[in-house]
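One structure below.
These numbers come from a predicted model, not from an experiment. When a ligand or atom number is given, it counts from 1 through the structure's own listing order.
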Amino acid sequence: MNYNSDIISVNGGVFEKLIDEKEIERRTSELGVQISKDYEGKLPIFIGVLNGSVIFFADLIRNISIDCEVDFLKLSSYGDAKISSGKVTLLKDLNCQIENRHIIIVEDIVDTGLSIDYMEKLISEHKPKSLKVVTLLHKAEATKYQITLDYVGFKIPNRFVIGYGLDHSQKYRNLRSIYALTNGK
Ligand code: IMP
């Protein structure tokens, strides 16, 4: 496989470049500036959702210009499938105290909205002072849950995507740009 190509073939699937790394870099910087302004003087905790958000998370927090803390949650993933199983389980809980703190969940992608709905309920039980969500990608047409996304990098069509942290069967997270499947969803 050629990691620098605009078209990638994997296991019979053909993926085309959807969002270039430069565009991701530009938008991530804009989000960082906006969030830093909104949370001036507040010391928020950024909660990364493992594994998919790690790359976006690392780039986003380096664009945050105020004091902040970080922690991570891990949820069950799609496994090897390309569509959501409709079930979420918690694989790794938070280590920080969130009561009375400003919490920002950092997601790579929101699809049905199930994972965000689950995390919002879980975190709200611990009485944070505020709770917001930032996601790099949003498949708006696929979202079925009543959730609020406070910061969205890009709205994308309802297509399966890989790269920049997003996987297919745990691979291709290391692609620098985001690629969408051309044949099938
Ligand atoms: P949701 O719970 O249906 O909103 O799905 C969110 C999670 O599903 C994300 O954090 C990803 O791990 C995974 N996911 C959703 N869409 C894609 C995709 O197109 N490619 C790779 N993973 C995806």
Side-chain angles (χ1 to χ4, degrees), residues 1 3 7-21 23-24 27-28 31 46-61 70-94 103-124 131-185:
M1 182 174 114
Y3 271 77
I7 302 278
I8 290 176
S9 296
V10 284
N11 305 334
V14 178
F15 289 79
E16 63 185 1
K17 195 184 271 187
L18 186 69
I19 311 172
D20 184 74
E21 59 174 309
E23 206 27 29
I24 300 172
R27 186 70 187 117
T28 304
L31 289 170
F46 287 89
I47 308 281
V49 187
L50 299 172
N51 296 332
S53 81
V54 283
I55 296 179
F56 174 51
F57 189 93
D59 285 342
L60 179 69
I61 63 162
V70 304
D71 200 359
F72 296 92
L73 267 181
K74 184 166 174 137
L75 304 181
S76 55
S77 72
Y78 280 17
D80 286 353
K82 290 203 204 76
I83 50 164
S84 169
S85 65
K87 276 199 306 203
V88 180
T89 48
L90 186 64
L91 300 179
K92 184 213 163 291
D93 207 343
L94 295 171
I103 305 296
I104 305 171
I105 299 173
V106 182
E107 259 289 26
D108 50 352
I109 186 163
V110 175
D111 183 359
T112 64
L114 171 69
S115 309
I116 290 293
D117 185 63
Y118 176 89
M119 286 184 281
E120 280 186 340
K121 285 179 181 145
L122 184 83
I123 291 173
S124 298
L131 177 58
K132 286 196 179 181
V133 177
V134 48
T135 184
L136 177 65
L137 305 175
H138 183 205
K139 290 185 193 171
E141 294 158 35
T143 305
K144 297 186 238 157
Y145 288 78
Q146 286 288 340
I147 50 168
T148 303
L149 302 175
D150 303 280
Y151 305 97
V152 175
F154 303 93
K155 266 198 196 164
I156 61 164
N158 192 10
R159 291 166 70 185
F160 186 75
V161 288
I162 55 171
Y164 196 70
L166 291 144
D167 74 308
H168 177 216
S169 302
Q170 296 307 324
K171 288 190 287 192
Y172 318 117
R173 296 190 196 275
N174 51 324
L175 287 163
R176 302 179 68 93
S177 300
I178 291 168
Y179 295 78
L181 187 61
T182 56
N183 44 350
K185 262 209 242 168

Original post:
Does the Ser76 side chain pair with the main chain of Thr89, one donor and one acceptor, at a distance under 3.5 Å?
Top reply: yes
**OP:** Give a yes or no answer on whether the side chain of Arg173 reaches the backbone of Ile55 with a donor-acceptor pair at less than 3.5 Å.
**Re:** no
Original post:
Counting both backbone and side chain atoms, is some N or O of Gly113 under 3.5 Å from an N or O of ligand 1?
Top reply: yes
Original post:
Can you find an N/O atom of Asp167 closer than 3.5 Å to an N/O atom of ligand 1?
Top reply: no
Subject >> Test item: side-chain donor near acceptor, Asn174 and Tyr164, under 3.5 Å >> reply: no
Original post:
Does atom NZ of Lys92 have more than 12 heavy-atom neighbours, drawn from other residues, nucleotides or ligands, at distances under 6.0 Å?
Top reply: yes
Original post:
Among the heavy atoms of Lys139, does any lie under 4.0 Å from an atom of ligand 1?
Top reply: yes
For [X], counting its heavy atoms only, list the atoms of ligand 1 lying under 4.0 Å from any of them.
X	answer
Asp108	9 (C), 10 (O)
Ser115	1 (P), 2 (O), 5 (O), 6 (C)
Glu107	10 (O)
Leu166	21 (C), 22 (N)

Original post:
Once you round to the nearest 0.5 Å, how far does OG1 of Thr148 lie from CD of Glu120?
Top reply: 6.5 Å
Subject >> Straight-line distance of Leu31 CG to Thr135 OG1, nearest 0.5 Å >> reply: 10.0 Å
Original post:
Which is closest to atom 20 (N) of ligand 1 in terms of heavy atoms, Thr135, Ile178, Val161?
Top reply: Val161
